[in-house]
Number of protein chains: 2
Amino acid sequence: MATIYEVSERAGVSLATVSRVINGTAKVSEKTRQRVMAAMKALNYRPNSAAQSLASNCYNSVGMLVSEVHGPFFGEMMSGVETVLRAAHKHVIIAAGHSDEQSEKEAIEFLRGRSCDALILHADAVSDQYLIDLAKEDDAFVVMNRHIDAIADQCISLDNRHGGYLATKALLEQGHRKIAYIAGPLKKTDAKERLQGHKKALREFDVAFDAALMREGDFESASGAQAMSELLKAGKKFTAVVCGNDEMACGAMNTARDAGLQLPEDLSIIGFDNVIMSRYTFPHLSTIDYPIGEMGRMAAKWVLKNIYQQDDIDIIHHFEPSLILRDSVKAK
Amino acid sequence: MATIYEVSERAGVSLATVSRVINGTAKVSEKTRQRVMAAMKALNYRPNSAAQSLASNCYNSVGMLVSEVHGPFFGEMMSGVETVLRAAHKHVIIAAGHSDEQSEKEAIEFLRGRSCDALILHADAVSDQYLIDLAKEDDAFVVMNRHIDAIADQCISLDNRHGGYLATKALLEQGHRKIAYIAGPLKKTDAKERLQGHKKALREFDVAFDAALMREGDFESASGAQAMSELLKAGKKFTAVVCGNDEMACGAMNTARDAGLQLPEDLSIIGFDNVIMSRYTFPHLSTIDYPIGEMGRMAAKWVLKNIYQQDDIDIIHHFEPSLILRDSVKAK
DNA sequence: TTGTATGCGTTATCAA
DNA sequence: TTGATAACGCATACAA
């Protein structure tokens, strides 16, 4: 592999000049610029990124932690991040935390070890304090789907509580009173907040929360199916069910139908996230829109602005959920 | 940030010795090893990865090209790759090619520019020749979902043609004769091969391929919905439809039902890929299993074996599709 | 506008 | 088992 030194020799200039044309850091006469370009092309020269990083202390790469690499939610988020960052010629390194505290910490250390210039973290198992402490050591990171007061500038979040509220309220407004709830894993902040919103809506309509009508899943389809199966078996009547996310809602719908229920006649259902699939279920799933793709793009912009000094960027830290009413909810 | 030099000073040894305990490349007495470890801990030392890479010419990172970062198929693939590679302490850098030739080439160059040690490529727009030429320059890459004879050792593929054959055969065996086909984008090899398999099955059952019953989509749900809509509007009768992948099948089912058809009574449908969602559609989608997660893990192992010299690994280059019969197919 | 010289933090080759 | 010392390939302050 050709080095910058060989290029300089062939072009008959110093290696500093070659570096200048590569980086455009200083004026170079058009004539020598051409000569250098020609030499680079002739030698099929590519800068050695390790040497660049070492000399400049800039890695041009950003680490991204997600709970899981698969799944529609994280797919949209990663896609948003990748799009913005690659347009800016920054590399995106991915790691999964699997919603386990130890695993998340390891993943974060793994990413930091690679000397990423910045981190985009969708961490749902580590404590607020851990992230606050991390920020004291090195604050080159942005947190997704989570608001932490002490590092509010580094957070891009959505009001999950309000989303949960909207979902249940939609059901209540359609006359439902016996409403089951299939929660996400309650060790996760967002799942907890969505449940809080659910309870708030119930209170507003003077409906008592019934723990017997609640089950906890893990945000994946299978757990939604399992939860619905349990709910049905328990025999306690309910006319609607709120799910912690769309994937569990799909699983739940599936089980309900296999059990012979007509949807939405016998049971109304609402999800959360508005993942692409929710448009194609039967019946079409009502849900809460979570603009995760846009938030991923925003996180990438945060990095561009705060780490790579692209000042002409406005950052939105807070996004709002909104109700998407489709066919899976029917008036009681 | 502390350097190896500061560590060596504090531990009272040379920097070479520190490097040895970091990498375990040579014998170091237990006593000095302890001293060095203590010094590293005290200084909160982390090796500078750029310096390591520069000196060792090893980056510990692997580039991964996918068509899109979102989507269930690529999610499973990326997840498989990430799992294996991170366990081996290798970083994975993602890039999307968007199934566009120019864009894919750019993405590959982008990844190469980062001096990844190896590349895992799901490229569906560049030509075979491009990849063959690339291999001549630098063969540290493995190709997914594509078999190219000239670089067969670098390919991990699935017999898409056979998969397409199995799908249509399943329908034919159930007595269907008027079978529509919603293809993936035919510029992609896999979409083309699946269609070939479809035609082969038709021939075997002496059924003529009817171009009027075919539409081309782009592998995303919306295009399946659109294609079904066109097919229905065209008015030509068909009792079953084969879809190029599960996502388009979901879109197609959706449209068919919205048009008043009973599934699977009025129309049988089969997809391809066996993505998670296919288990949760209504009716449950029959499909062709594509073990993409396993293939992603295998690609990662290929890299471990061929690039990082982990010799005790067996590589499987060829995977077989298999029929998954669920409820969306009914005998005619 | 261009060149010189130094440093970036490691690994690896020799000696000792 | 340990220590000097020379790469590794580039960016950049300083000179010219």
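In what follows, every chain begins at residue 1, and chains take the letters A, B, ... in the order their sequences are listed.
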key: Distance-only side-chain donor-acceptor flag, B/N145 / B/N160, under 3.5 Å   =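 Per modelled atom types, B/N145 and B/N160 side chains form a pair under 3.5 Å.
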
ask   = Does the side chain of B/N60 pick up a donor-acceptor pair with the side chain of B/Q52 at under 3.5 Å?
value =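 Side chains of B/N60 and B/Q52: no pair found under 3.5 Å.
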
query = Between which nucleotides of DNA chain C, 5' to 3', does chain A make heavy-atom contacts below 4.0 Å?
reply = C/dT1 to C/dG9

message = With a 6.0 Å cut-off (strictly less than), is the heavy-atom count around CG of B/D314, excluding the residue itself, greater than 12?
response = no

Span of DNA chain D, from the first to the last nucleotide whose atoms fall under 4.0 Å of chain B heavy atoms =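 The footprint of chain B covers D/dT1 to D/dG9.
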
inquiry  = Distance check, rounded to the nearest 0.5 Å: B/S157 atom OG versus B/D190 atom CG?
reply    =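 Here the interatomic distance stands at 11.0 Å.
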
task = Tell me which residues in residues 17-36 of chain A put a heavy atom below 4.0 Å from DNA chain C, sorted by number, or none.
result = A/T17, A/R20, A/K27, A/V28, A/S29, A/T32

ask   = Where along residues 44-59 of chain A does a heavy atom come under 4.0 Å from DNA chain C, residue by residue in number order?
value =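 Heavy-atom cutoff 4.0 Å gives A/L54, A/A55.
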
query = What residues, two or more places apart in sequence or in another chain, satisfy salt bridge (charged side-chain N to carboxylate O under 4.0 Å, His left out) together with B/E109?
reply = A/R46, B/R112

query = So, do A/Y290 and A/F73 have ring centers that fall under 6.0 Å from each other?
reply =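 Ring centres of A/F73 and A/Y290 closer than 6.0 Å.
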
Can you see which heavy atom on [X] is nearest to which on [Y], and at what distance?
X      : Y      : answer
B/A96  : B/S67  : CB-O, 3.9 Å
A/H317 : A/D153 : CE1-O, 2.8 Å
B/A191 : B/G184 : CB-C, 3.6 Å
A/Y308 : A/S61  : OH-N, 3.4 Å

message = Is any side-chain heavy atom of B/L119 closer than 4.5 Å to one of B/D138?
response =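 No; the side chains remain at least 4.5 Å from each other.
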
task = May I have all residue pairs that pass ring pair (Phe, Tyr, Trp, His ring centres under 6.0 Å) and include part of residues 74-116 of chain B, sequence neighbours excluded?
result = A/H91-B/F110, A/F110-B/H91, B/F74-B/H122

